[in-house]
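Computed over heavy atoms, backbone and side chain alike; hydrogens, waters and symmetry mates excluded.
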Amino acid sequence: MRLSRYFIPILKETPAEAQIVSHRLMLRAGMIRQASAGIYSWLPLGYKALRKIEAIVHDEQQKAGAIPVLMPTIQSADLWRESGRYDAYGPEMLRIKDRHDRDMLYGPTNEEQITEIAGAGIRSYRDLPTILYHIQWKFRDEVRPRFGIMRGREFLMKDGYSFDIDKAGATHSYNRMFVSYLRTFERMGLKAVPMRADSGPIGGDMTHEFLILADTGESAVFLDSDIADLSLGADKIDWEDAEGLQGIVDRWTSAYARTDETHEEAVFNAEVPEARRVTARGIEVGHIFYFGTKYSEAMNAKVAGPEGSPVAFESGSYGIGVSRLVGAIIEANHDDKGMIWPEAVAPFEVAVINLKQGDAEADAACESLYDNLNARGFDALYDDRNERAGSKFATIDLIGVPWKLIVGPRGLKEGVVELVNRRTGEAVNLSPDEALNRLSAQFGRA
RNA sequence: CGGGCUAUAGCGCAGCUUGGUAGCGCGUUCGUCUGGGGGACGAAAGGUCGUAGGUUCAAAUCCUGCUAGCCCGACCA
């Protein structure tokens, strides 16, 4: 993309309403624009980041065995009357009427809808397990939306639902999603810690929230530093191996990690040596829980069991706040100059900065680098605006492009361009070809 | 939903107390000089002062209603 032809309304000053850093930076970088309280338009740069995150979520869901579907945003009230939640849900649910005066709603979640689909479509226990998921806009009429897209009323969520014949199967499905979430967040360059969540009326210990540690997080978290050091790395996962998955889950849940909701100071102090006690802030980006037959019983969603008689599904649901992740990643990755995108989710991976637009040699070198980057499959941004160098650096750093290729007449005289890492500031002078090769190696692209 | 606050140009703000020509900075446009970390100079464009009503010769300014938005708290991907 040529910056001169992009739509990116950058602000030099911070809009007054933005309090937290991700919101400020997203507004300044022209990623979003507020439409009304808690509702945002996604401008090109923000939309690009959102789609990259969404793509990783899709990929990791499917690797873990979940199957993508797409359910509507508008749902029938009748479906929710079956589960009993139409009255229970409260004013957070946006209720609307269609022209025939039928009660409809903008879905805040999809348990009812997916249970109806599974109940109608899955006939035998031999078709199980099945995990279906979608990534769809949700609406929850929050009392007080805030922090930009971090707590909007309309938000993009990945919600998945598992269907099994018994508790053992449901546990396997739960663990699949647990490990899948670890992989998903790790791949985005995030340190997400699973924490025991409040299981509410259903009870049991099969519910976890995944939180990203960030100073600006909304929840206070308490954890054993050991758990923050865990990493899946490049380990190959055998998703069919129930015991193996259980082992991973056990490793990640053995150490103390809780939010203020479930925190018990006495247990914390007893279980965790003082040197490893970490008190921090976290942003919830995922939440998984097992809810057994809660919806399947209520909605009569059953399959033929091994004895031929109908058995209600054992289910769990698994959410990732996709749009919230955009903000969360920025919260966890920024400095005083702007955002610092992890390579895996960066809207643009490399920026070519032409220090002297209009200089024949500099222009030619930039065009060549830009073409080559595109040919090699990079998401490249070429700052070809007729601006001074300082202005270009400020813009590119604000946007948080992980790598800068700086091209100017002085360097070109020596046959070099400068490759600079946004996060570390590390800079090396290389020939254009070497710089391209270095980037290709960095991103694992041949 | 309880408490606090705001609404004036794309963004940040002043003007309101004491009613009388709507202003500043940034950004934008044009020109010139510039050009390795948000350049300088000159010129210009851009505003139903949130909205409806009231008081007044006269309302951004005073009064009333409404709407929208923000912050703190309780709740949530």
Quiz item: For A:F393 and B:G38, is the gap between ring centres under 5.5 Å while the planes differ by less than 30°?
Solution: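 Not stacked: fails the 5.5 Å / 30° test.
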Quiz item: Can you check whether A:F178 and A:F210 have ring centres sitting under 6.0 Å from each other?
Solution: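 Ring centroids of A:F178 and A:F210 are less than 6.0 Å from each other.
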If [N] has a Watson-Crick or G-U wobble mate with both distances under 3.5 Å, name it; if not, just say none.
{"N": "B:A59", "answer": "none"}
{"N": "B:U18", "answer": "none"}
{"N": "B:C76", "answer": "none"}
{"N": "B:C26", "answer": "B:G10"}
{"N": "B:C5", "answer": "B:G69"}

Self-check item: Distance (rounded to the nearest 0.5 Å) between A:N333 CG and A:W341 CH2
Solution: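 One finds 8.5 Å between CG of A:N333 and CH2 of A:W341.
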Would you indicate what [X] reaches in the nucleic acid, counting non-hydrogen atoms under 4.0 angstrom: base, sugar-phosphate, or nothing?
{"X": "A:G408", "answer": "base"}
{"X": "A:G327", "answer": "nothing"}
{"X": "A:V285", "answer": "sugar-phosphate"}
{"X": "A:D397", "answer": "base"}
{"X": "A:I406", "answer": "base"}
{"X": "A:S36", "answer": "sugar-phosphate"}
{"X": "A:Q34", "answer": "sugar-phosphate"}
{"X": "A:P9", "answer": "nothing"}
{"X": "A:R28", "answer": "base"}
{"X": "A:N354", "answer": "nothing"}
{"X": "A:E284", "answer": "sugar-phosphate"}
{"X": "A:G358", "answer": "nothing"}

Quiz item: Is there a donor on the side chain of A:E13 or the base of B:G27 sitting less than 3.5 Å from an acceptor on the other?
Solution: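 Looking at the base of B:G27, it does not pair with any donor or acceptor on the side chain of A:E13 (distance under 3.5 Å).
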Write down the distance between [atom1] ([X]) and [atom2] ([N]), rounded to a whole number of angstrom.
{"X": "A:D383", "N": "B:G38", "atom1": "CG", "atom2": "P", "result": "14 Å"}
{"X": "A:R153", "N": "B:C70", "atom1": "CZ", "atom2": "C1'", "result": "14 Å"}
{"X": "A:N386", "N": "B:C33", "atom1": "CG", "atom2": "P", "result": "13 Å"}

Can you pull every protein N or O that's under 3.5 Å from an N or O on nucleotides 41-49 of chain B?
none

Quiz item: Is atom CZ of A:R33 surrounded by more than 12 heavy atoms (other residues, nucleotides or ligands) closer than 6.0 Å?
Solution: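 No, CZ of A:R33 has 12 or fewer neighbouring heavy atoms, counting only those of other groups under 6.0 Å.
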Quiz item: With a cut-off of 6.0 Å (strictly less than), are more than 12 heavy atoms of other residues, nucleotides or ligands near CZ of A:R196?
Solution: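 At most 12 heavy atoms, drawn from other residues, nucleotides or ligands, come within 6.0 Å of this atom.
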Quiz item: Does A:R2 make a cation-pi contact with A:Y382 (under 6.0 Å, within 45 degrees of the axis)?
Solution: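 Negative - A:R2 is either too far from the ring of A:Y382 or too far off its axis.
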Quiz item: Under the 6.0 Å and 45° cation-pi test, does A:K404 pair with A:F393?
Solution: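 No.
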Quiz prompt | Test log, rule side chain to side chain contact (heavy atoms under 4.5 Å, CB included), inputs A:R385 and A:S391 | solution = CA-CA 10 Å; A:R385 297 171 305 163; A:S391 166; 4.2 Å; yes
Exercise. Let me see the working for A:V416 and A:L430 under side chain to side chain contact (heavy atoms under 4.5 Å, CB included), right down to the final yes or no.
Key: CA-CA 5 Å; A:V416 298; A:L430 299 167; 5.9 Å; no
Suppose you measure atom [atom1] in [N] against the same atom in [M]; what distance do you get, rounded to whole Å?
{"N": "B:C62", "M": "B:C16", "atom1": "C1'", "answer": "10 Å"}
{"N": "B:U21", "M": "B:G15", "atom1": "C1'", "answer": "14 Å"}
{"N": "B:C63", "M": "B:A7", "atom1": "P", "answer": "14 Å"}
{"N": "B:G36", "M": "B:U32", "atom1": "C1'", "answer": "23 Å"}

Which listed nucleotide ([options]) is nearest to the side chain of [X]?
{"X": "A:L355", "options": "B:G35, B:C70, B:G36", "result": "B:G36"}
{"X": "A:A37", "options": "B:G38, B:C26, B:C70", "result": "B:C70"}
{"X": "A:K337", "options": "B:A77, B:G37, B:G35", "result": "B:G37"}

Quiz item: Run the side chain to side chain contact (heavy atoms under 4.5 Å, CB included) check on A:K337 and A:L398 step by step: do they pass?
Solution: CA-CA 6 Å; A:K337 288 190 270 188; A:L398 172 65; over 6 Å; no
Quiz item: So, is A:K12 near the phosphate of B:G38, with a side-chain N or O under 4.0 Å from OP1 or OP2?
Solution: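 Answer is no, no contact under 4.0 Å.
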Practice problem: Answer yes or no: does a side-chain N or O of A:R324 lie under 4.0 Å from OP1 or OP2 of B:A77? | Solution: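 Result: no.
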Note: [X]-[Y] ion pair, threshold 4.0 Å (strictly below):
{"X": "A:E111", "Y": "A:R85", "answer": "yes"}
{"X": "A:D384", "Y": "A:R5", "answer": "no"}
{"X": "A:K52", "Y": "A:D379", "answer": "yes"}

Tabulate atom names and distances for all N/O pairs under 3.5 angstrom spanning the protein and nucleotides 71-74 of chain B.
{"residue": "B:C72", "atom": "OP2", "partner": "A:R144", "partner atom": "NH2", "Å": "2.2"}
{"residue": "B:G73", "atom": "N7", "partner": "A:R144", "partner atom": "NH1", "Å": "3.4"}
{"residue": "B:A74", "atom": "N6", "partner": "A:R146", "partner atom": "NH2", "Å": "3.3"}

